[in-house]
Amino acid sequence: MRRLPIAAAGVALALGLTGCAGAPTYSAETASSLQHGVLSVATAANGKDYAGALTQLAAIQKRNDAALKAGTIAADRHDAIAKSIAVVQADLTALKDAAERARLQQQLDQLQQQQQQQKQEHPQPHQPPDKKDKGKGGDGG
């Protein structure tokens, strides 16, 4: 369904993690930790577990922030990763919302079908519309 945006989001996040030519801007341990997080996000998103993917993404952000505080990542690399995380978060949130809307619509459709089946299985006897008792007064004389 939305495989392309998920793939694009994964690529955006991965690009944020890749180093530029030249001196590394983060430690190998930091890079490995963040890359494992990206794999977790991609796996959850591929399984349409958007809430899980968002949780994993939040964990990556925490690791990214912690690495900055610990001095194991350069500020510019931290910022690039944070921007990538924001892009992926927006995509995953949109996918999660769309999936929730689709789930609710499916439930509504099922309820309507059940209601139609009940009407067909147990039809109400036809009742004429209520007519006012005109001219049939109780004490009219």
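For clarity, every value in this text was computed on a predicted model and none was experimentally measured.
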Ile60 side, atom CD1; Asp65 side, atom CG - distance, nearest 0.5 Å: 12.0 Å
Donor-acceptor pair, side chain of His78 and main chain of Ala74, under 3.5 angstrom: no
Pair Gln113, Asp109: side-chain N/O donor-acceptor within cut-off below 3.5 Å: no
Nearest heavy-atom neighbours spanning Gly52 and Ala44: C-CB, 4.0 Å
Closest non-hydrogen atom pair, Gly37 against Arg63: CA-NH1, 3.5 Å
Distance in Å, Leu92 CG paired with Gln56 CD, rounded so as to fall on 0.5 Å steps: 11.0 Å
Straight-line distance of Gln110 CD to Gln112 CD, nearest 0.5 Å: 11.0 Å
Spatial distance of atom OH (Tyr50) from atom OG1 (Thr55) [nearest 0.5 Å]: 14.5 Å
side-chain contact (heavy atoms from CB on, under 4.5 Å) assessment of Val41 paired with Leu54: CA-CA 7 Å; Val41 170; Leu54 286 164; over 6 Å; no
Nearest-0.5 Å distance, OG of residue Ser40 to CD of residue Gln35: 12.0 Å
CD on Glu29 to CG on Leu34, rounded to 0.5 Å: 10.5 Å
Residue pairs involving residues 95-106 (criterion salt bridge (charged side-chain N to carboxylate O under 4.0 Å, His left out); sequence neighbours excluded): Glu100-Arg103
From CA spacing to verdict: side-chain contact (heavy atoms from CB on, under 4.5 Å), Leu108, Leu104: CA-CA 6 Å; Leu108 180 62; Leu104 291 173; over 6 Å; no
Criterion side-chain contact (heavy atoms from CB on, under 4.5 Å) on Thr30 and Asn64, from CA distance to verdict: CA-CA 8 Å; Thr30 299; Asn64 190 38; over 6 Å; no
